[in-house]
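Heads up, the thing below is written out as structure tokens.
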Amino acid sequence: MKFYSTRQPQAFVELAEAVLQGLPPDNGLYMPERLEALTPEFWREARNVPFVDVALAMTKQLVGDSVPTADLEGIVVRACAMDAPLAKVDDRFVLELFHGPTLAFKDFGARFMAQLLAWLNRGADQQLHILVATSGDTGGAVAAGFAEVSGIEVTILYPQGKVSPLQEKQLTTWGGNIRALEIDGTFDDCQALVKQAFLNMELQRHLRLCSANSINIARLIPQSWYYARAWQQLPEQADTPVFCVPSGNFGNLTGGLFAQRLGLPVHHFVAATNANDTVPRFLTEGHYLAKPSVETLSNAMDVGNPSNVQRLMDLLGETAGDWERHLTGISINDSDTLATLRRVWEQHGYCLDPHGAVGWAALDKLSHQWPGHPHVLLETAHPAKFPEVLARALGGEPPSAEALERLRHLPSQKTSLPADSPQFNQWLMDHR
């Protein structure tokens with residue numbers, strides 16, 4: 001399997017270059033040269049086989065013979081060390097993606113990428129430097145996945161004051177090969193710093209840089225798996241599902257489209273955003289216009305210029321009309337987010353996190369459009385990661401998680417920098 005840039009569809013590279021380079025020189029994003037469906041027979045039988053076997057088959061379909069099957073199986077098995085159970089809540093299903101080490105959906109992608117990069121980097125005589133921008137959950141998952149991986153250094157950029165205190169602890173308490181940079185700006189500023197670093201030839205001469213954001217194709221591949229895991233757990237008689245995806249940078253939703261192209265039965269997708277409504281506005285108004293991100297209660301989705309829109313346009317087409325056949329977008333404000341958290345808890349005894357509440361509210365407004373199809377909400381993080389928001393919404397003590405409680409008293413190790421490319425680049429050079 002080869003990979004092409006969304007800006008140069010005729011220029012192909014091998015998997016190793018696509019993953020290790022992260023971002024093509026033309027500032028596009030890498031895509032597999034083909035997305036061929038697995039057979040209907042495979043999907044009929046997939047309900048009754050282990051999740052890891054389904055994940056391996058999907059991964060083989062996306063990387064071809066770029067990695068020997070035995071090695072790829074080991075990578076996938078280690079990445080699938082957690083499950084994603086499906087809970088029935090009222091008239092819909094909730095896919096719980098927070099059962100990994102950092103209690104967020106990105107654990108699947110980060111663990112897979114760490115194992116794959118370690119395999120690709122074997123025998124190298126120069127360290128690999130991973131750069132990752134995070135609006136909340138990505139950085140923690142990447143830190144957990146790459147901690148103590150030999151030959152790899154990780155630098156995490158996060159926006160100052162715009163992640164929850166517990167999320168910040170997940171970014172800043174590692175030490176060793178994990179370094180945290182607190183950027184005076186927004187997530188978009190962090191993401192821009194990472195992107196410009198990959199396009200800076202001077203840095204490239206001195207550092208082997210790689211990205212662990214969803215701009216890297218290795219992050220997206222495992223994000224297709226858990227859509228299949230949801231489908232495995234639906235009732236046998238269930239028709240093709242509608243997946244509601246709380247969305248910020250749109251890597252998660254892109255993974256769902258990959259799964260659909262691989263033959264997974266899917267009826268429709270809902271992209272549920274907070275006030276950062278770039279994609280819903282595109283679907284409504286017909287022209288794409290990024291805007292500066294704004295701060296919300298669902299902070300991991302505070303993205304005003306989603307990088308994976310390039311992949312969505314490659315998959316779906318460049319007009320809103322092309323997208324509408326597969327995708328509906330909707331924006332949910334903070335007031336509705338709080339009200340949804342409270343209502344779902346009081347009526348159903350189920351505690352969502354703020355991002356899941358955005359998705360639940362979206363289904364409340366839209367689900368009547370798809371009668372007869374099961375509605376599956378992707379719950380992307382454990383609610384205990386957002387105690388301040390949950391206390392505000394529920395008026396009482398929010399749920400806790402042992403993995404987070406252990407972090408509270410660990411000292412943070414971080415460096416503060418302005419959102420300035422020259423200063424960031426110099427920091428990288430000084431700390432190589």
Donor-acceptor contact present, side-chain Arg47 to main-chain Trp231, <3.5 Å: yes
Can you tell if the side chain of Val54 reaches within under 4.5 Å of the side chain of Val49, non-hydrogen atoms only? yes
Could you label the plane-to-plane angle of the His382 and Phe98 rings as parallel, tilted or perpendicular, counting under 30° as parallel and over 60° as perpendicular? perpendicular
Within a radius of less than 6.0 Å around NZ of Lys88, do more than 12 heavy atoms belonging to other residues, nucleotides or ligands occur? yes
How close do Asp334 and Leu297 get, heavy atom to heavy atom, and via which atoms? OD1-N, 3.2 Å
Would Gln126 and Arg208 count as having a side-chain donor-acceptor pair, cut-off 3.5 Å? no
Quick one: does any side-chain atom of Ser66 pair with a main-chain N or O of Gly64 as donor and acceptor, under 3.5 Å? no
Where the side chain of Arg122 meets the backbone of Trp119, is there a donor-acceptor pair that is under 3.5 Å apart? yes
Test item: side-chain donor near acceptor, Asn200 and Gln204, under 3.5 Å: no
Tell me, with the steps shown, if Ser416 and Glu182 meet side-chain hydrogen bond (donor to acceptor under 3.5 Å, both in side chains). CA-CA 5 Å; Ser416 298; Glu182 179 186 52; 2.6 Å; yes
Mind checking the CE-CD spacing from Met313 to Glu318? Nearest 0.5 Å is all I need. 6.5 Å
Using only heavy-atom distances, determine whether the side chains of Asn299 and Gln167 contain a donor-acceptor pair under 3.5 Å. yes
Test Thr173 against Gln413 for side-chain contact (heavy atoms from CB on, under 4.5 Å), laying out the working first. CA-CA 6 Å; Thr173 55; Gln413 304 176 55; over 6 Å; no
In sequence, state the C-alpha distance, the side-chain angles, and the governing distance for Asn305 and Gln191, and then conclude on side-chain hydrogen bond (donor to acceptor under 3.5 Å, both in side chains). CA-CA 9 Å; Asn305 187 17; Gln191 184 166 256; over 6 Å; no
Ion pair Arg111/Asp107, N-O distance below 4.0 Å: no
Looking only at the side chains, is there a donor atom on one of Thr319 and Asp322 sitting less than 3.5 Å from an acceptor on the other? yes
Check whether any side-chain N or O of Asn249 sits under 3.5 Å from a backbone N or O of Gly251 as a donor-acceptor pair, and report yes or no. no
Proximity of Phe243 and His375 rings by center, below 6.0 Å: no
With heavy-atom distances below 4.5 Å as the criterion, would you say the side chains of Gln423 and Gln426 are in contact? no
So which heavy atom on Ala144 is nearest to which on Trp174, and how close? CA-CH2, 3.5 Å
Donor-acceptor pair, Ser247 side chain versus Phe250 backbone, under 3.5 Å? no
Hey, does Leu166 have a side-chain heavy atom less than 4.5 Å from the side chain of Phe386? no
Under a plain distance cut-off of 3.5 Å, with no hydrogens placed, do Thr102 and Gln170 share a side-chain donor-acceptor pair? no
Hydrogens and angles aside, do Thr138 and Lys106 bring a side-chain donor and acceptor to less than 3.5 Å of each other? yes
Heavy atoms only: give me the nearest Thr172-Ser412 pair and the separation to one decimal. OG1-OG, 3.0 Å
At their closest point, which heavy atom of Ala275 faces which heavy atom of Lys291, and how far apart are they? O-NZ, 3.6 Å
Side-chain donor or acceptor of Asn333 paired with backbone N/O of Asp336 under 3.5 Å: yes
Any side-chain heavy-atom pair of Val309 and Phe282 under 4.5 Å: no
Given the rule in the side-chain contact (heavy atoms from CB on, under 4.5 Å) test, do Met1 and Leu15 qualify, once you have shown the distances and angles that lead to the verdict? CA-CA 7 Å; Met1 178 72 73; Leu15 174 70; over 6 Å; no
Salt bridge between Arg432 and Glu153, side-chain N to carboxylate O under 4.0 Å? no
Do side-chain atoms of Glu17 reach the backbone of Pro24 as a donor and acceptor pair under 3.5 angstrom? no
Side chain to side chain contact (heavy atoms under 4.5 Å, CB included), paired with Ile221, selected from Val19, Leu116, Val63: Val63
Using modelled atom types and a 3.5 Å cut-off, is there a donor and acceptor pairing between side-chain atoms of Gln233 and backbone atoms of Ala84? yes
Value for CZ (Arg281) from OH (Tyr288), rounded to nearest 0.5 Å, stands at 8.5 Å
Could you pull out the closest heavy-atom pair between Leu283 and Gly329, with the gap in Å? CD1-N, 3.3 Å
Residues Ser150, Gln127; criterion side-chain contact (heavy atoms from CB on, under 4.5 Å); working and verdict: CA-CA 9 Å; Ser150 178; Gln127 281 203 322; over 6 Å; no
Assess whether a salt bridge exists between Lys162 and Asp189, defined as any Lys/Arg side-chain N lying under 4.0 Å from an Asp/Glu carboxylate O. no
Any ion pair linking Asp65 and Lys60 (charged N to carboxylate O, less than 4.0 Å)? no
Decide side-chain hydrogen bond (donor to acceptor under 3.5 Å, both in side chains) for Thr296 and Asp302; before the verdict, give the C-alpha distance in whole Å, the side-chain angles of both, and the deciding distance to 0.1 Å. CA-CA 7 Å; Thr296 74; Asp302 290 351; 2.6 Å; yes
Whether the Asn276 and Ser293 side chains hold a donor-acceptor pair (N or O, under 3.5 Å, no angle test) is what I'd like checked. no
Flag side-chain contact, heavy atom, 4.5 Å: Leu220 against Gln223: yes
Give the C-alpha distance, both sets of side-chain angles, the deciding distance and a yes or no for side-chain contact (heavy atoms from CB on, under 4.5 Å) between His373 and Thr240. CA-CA 6 Å; His373 295 273; Thr240 50; 3.3 Å; yes
If you measure from OH on Tyr4 to CD on Glu33, what distance do you get to the nearest 0.5 Å? 9.5 Å
Ring pair (Phe, Tyr, Trp, His ring centres under 6.0 Å) between Phe3 and Phe12, worked out: CA-CA 5 Å; Phe3 297 82; Phe12 295 96; 9.4 Å; no
Between Leu157 and Thr155, is there a side-chain heavy-atom distance shorter than 4.5 Å? yes
Flag if over 12 foreign heavy atoms under 6.0 Å of CD, Glu41: yes
Rounded to the nearest 0.5 Å, what's the gap from CG on Leu377 to CG on Leu352? Could you check? 6.5 Å
Distance col, row Lys169:NZ vs Arg406:CZ, nearest 0.5 angstrom, shows 14.0 Å
Interatomic distance, OG1@Thr134 vs CD1@Ile183, rounded to 0.5 Å, equals 12.5 Å
Is there side-chain contact between Arg229 and Asp83, with at least one heavy-atom pair below 4.5 Å? yes
Should Ile215 and Lys195 count as side-chain neighbours, where that means a heavy-atom distance under 4.5 Å? yes
Under 3.5 Å, is there a donor on one side chain and an acceptor on the other for Arg219 and Asn216? no
Does Asn177 use its side chain to pair, donor to acceptor, with the backbone of Glu148 at less than 3.5 Å? yes
Sub-3.5 Å donor-acceptor pair from the side chain of Thr6 to the main-chain atoms of Leu29, do we have one? yes
For Pro383 against Asp353, the heavy-atom pair lying closest together: CA-CB, 3.7 Å
